[in-house]
Amino acid sequence: MHLLSARAVYGIREVYSDFEAKMYPNATLLVSKGNLRGIPGHRRDGNFDLLTSGEKKLVCEIPLSQPGFLMMVLIVWTLTCLSELRKLLEASYKIIWATKTVPSMSHSCKPMRSVPTAIAHEHQFRDVGNDVYVIGLTVRVKLLIFLVVLLPRGAVTLALLLLGCRWLTATPSLGELLLNVVALEFVLLLKDTIYGAMVTAHGKFETARTFLEPAQSRGDPSSFGADVLRTALWTVASVSWVVLYVYHWQGVLPSYRWDVQDLCRAFLDPLSEG
């Protein structure tokens with residue numbers, strides 16, 4: 001937040017404030033953080049040609065000057081975060097709610113060979129004699145998993161969603177915008193890197209052969225429709241969040257005038273004039 005996002009936000013605010021001062025001479029208002037905003041109806045379009053090529057490049061590569069492009073990038077990042085949240089919620093439901101509560105961990109597991117064949121096929125368990133089937137967890141273990149694993153993972157994902165959207169919106173280059181969304185995805189994958197590097201081979205083997213009972217049966221006719229509905233709702237939530245963030249909630253450029261895109265169209269695409 002301090003080393004990347006705050007620095008980018010400060011820089012892009014300076015660029016846009018300077019642009020407003022030159023495009024709205026003697027017709028600006030002072031907004032938060034001491035930045036200038038032009039008064040609608042007083043923009044002098046001819047002043048854009050008086051800007052240097054460096055100034056034009058800086059202001060025309062403000063992500064908010066290309067809202068369609070910015071929203072597509074933010075949707076990719078939002079879908080990445082919400083996919084992580086969806087897996088987290090499904091794991092939370094399976095572990096905390098669907099898994100039975102047992103009085104002692106001595107009653108929590110049983111060998112897969114003791115699971116009836118019909119149940120094993122129903123839930124797609126592997127037919128391996130040494131595999132372990134988790135039938136229940138104690139209240140303390142469930143609470144420990146929730147506080148140490150699930151809750152921090154959810155908090156980190158939500159924080160990355162908010163800070164990621166802010167950093168991407170403040171990225172002063174359309175090319176770097178794509179690179180930054182890839183870099184953010186790497187942060188979400190750090191847990192897999194740490195797991196691969198720091199967990200012993202025996203620990204990985206034990207994890208791979210341990211199975212939780214699925215929250216829903218494959219034969220449940222309502223599961224398919226419910227899954228389709230959930231997927232549609234997650235997609236709608238992703239798109240809605242991005243649209244609302246770009247047009248209403250972003251705090252990178254408060255009181256943004258949406259007065260850059262039309263002026264920059266020819267500058268960004270010189271062939272359009274022909």
Full working for ring pair (Phe, Tyr, Trp, His ring centres under 6.0 Å) between Tyr245 and Trp249: CA-CA 4 Å; Tyr245 180 83; Trp249 295 338; 7.8 Å; no
Nearest-0.5 Å distance that lies between atom CG in Leu74 and atom OG in Ser238: 11.5 Å
Other residues, nucleotides, ligands: >12 heavy atoms within 6.0 Å of Tyr195 OH: yes
Minimum heavy-atom distance between Cys165 and Thr78, given as atom pair plus value: SG-OG1, 4.3 Å
Residue pair Glu84 / Leu189, side-chain heavy-atom distance below 4.5 Å: no
Phe19 and Tyr16 aromatic ring geometry - parallel, tilted or perpendicular at 30°/60° bounds: parallel
Distance-minimising heavy-atom pair for Val252 and Val9: O-CG1, 4.0 Å
Test item: Cys109 and Ile135 side chains (from C-beta on) under 4.5 Å apart, heavy atoms: no
ILVMFWY network linking Val139 to Ile145, side-chain heavy atoms under 4.5 angstrom: no
Nearest non-hydrogen partners of His42 and Ala27, listed with the distance: CB-CB, 3.6 Å
Glu90/Arg86 ion pair, N-O < 4.0 Å: yes
Main-chain N/O of Glu176 paired to Thr171 side chain as donor or acceptor, under 3.5 Å: no
Same apolar cluster (I L V M F W Y, side chains within < 4.5 Å links), Leu179/Leu177: no
Arg13 backbone acceptor or donor facing Ser17 side chain under 3.5 Å: no
Point-to-point distance, once rounded to the nearest 0.5 Å, from CG of Leu184 to CG of Leu168: 5.5 Å
Side-chain heavy atoms of Leu178 within contact of Val182, under 4.5 Å: no
Residues, nucleotides or ligands: over 12 heavy atoms within 6.0 Å of Leu50 CG: yes
Min side-chain heavy-atom separation Asp131-Thr210 under 4.5 Å: no
Residues Lys142 and Thr101: side-chain donor-acceptor under 3.5 angstrom: yes
Side chain to side chain contact (heavy atoms under 4.5 Å, CB included) between Trp77 and Leu161, intermediate numbers included: CA-CA 8 Å; Trp77 172 237; Leu161 173 61; 4.3 Å; yes
Linked, directly or transitively: Ile12 and Phe69 (ILVMFWY side chains, under 4.5 Å): yes
Common cluster, Val181/Leu163, ILVMFWY with side-chain heavy-atom separation under 4.5 Å: no
Other residues, nucleotides, ligands: >12 heavy atoms within 6.0 Å of Trp258 CH2: yes
Distance-only side-chain donor-acceptor flag, Tyr24 / Asp259, under 3.5 Å: yes
Ile39 and Thr28, any side-chain heavy atoms less than 4.5 Å apart: no
Nearest heavy-atom neighbours spanning Pro103 and His107: CG-ND1, 4.5 Å
Sidechain N-carboxylate O distance under 4.0 Å for Arg44, Asp49: no
For Pro67 against Gln261, the heavy-atom pair lying closest together: CD-OE1, 3.8 Å
Chi angles and distances behind the salt bridge (charged side-chain N to carboxylate O under 4.0 Å, His left out) call for Arg43, Asp262: CA-CA 12 Å; Arg43 188 180 74 176; Asp262 58 332; 2.8 Å; yes
Derivation and outcome, side chain to side chain contact (heavy atoms under 4.5 Å, CB included), residues Trp167 and Met1: CA-CA 8 Å; Trp167 184 39; Met1 182 172 66; over 6 Å; no
Minimum-distance pair of heavy atoms, taken over all atoms of Met105 and Leu137: CE-CD2, 3.9 Å
Crowding at CG, Asp192 (>12 non-hydrogen neighbours, <6.0 Å): yes
Residue pair Leu51, Lys22: steps toward the side chain to side chain contact (heavy atoms under 4.5 Å, CB included) verdict: CA-CA 8 Å; Leu51 301 179; Lys22 293 179 179 179; 3.6 Å; yes
Interatomic spacing from CG in Leu70 to CD in Gln250 - rounded to 0.5 Å: 9.0 Å
Short side-chain to backbone donor-acceptor contact, Ser65 and Ile62, under 3.5 Å: yes
Glu61 and Ser173 side chains, donor-acceptor separation under 3.5 Å: yes
same_hphob_cluster(Leu162, Leu244) at 4.5 Å side-chain heavy-atom cutoff: yes
Side chain proximity check, Leu263 to Met23, heavy atoms < 4.5 angstrom: yes
Atom pair CD/CG of Glu20 and Leu29 - distance to nearest 0.5 Å: 10.0 Å
Leu158 and Leu85, any side-chain heavy atoms less than 4.5 Å apart: yes
Cation-pi, Phe267 ring and Lys57 (6.0 angstrom, 45 degrees): no
Leu150 vs Ile96, side chain to side chain contact (heavy atoms under 4.5 Å, CB included): CA-CA, chis, key distance, verdict: CA-CA 10 Å; Leu150 301 176; Ile96 306 300; 4.1 Å; yes
OG1-NZ distance between Thr157 and Lys87, expressed to the nearest 0.5 angstrom: 9.5 Å
Distance (rounded to the nearest 0.5 Å) between Leu88 CG and Leu151 CG: 9.0 Å
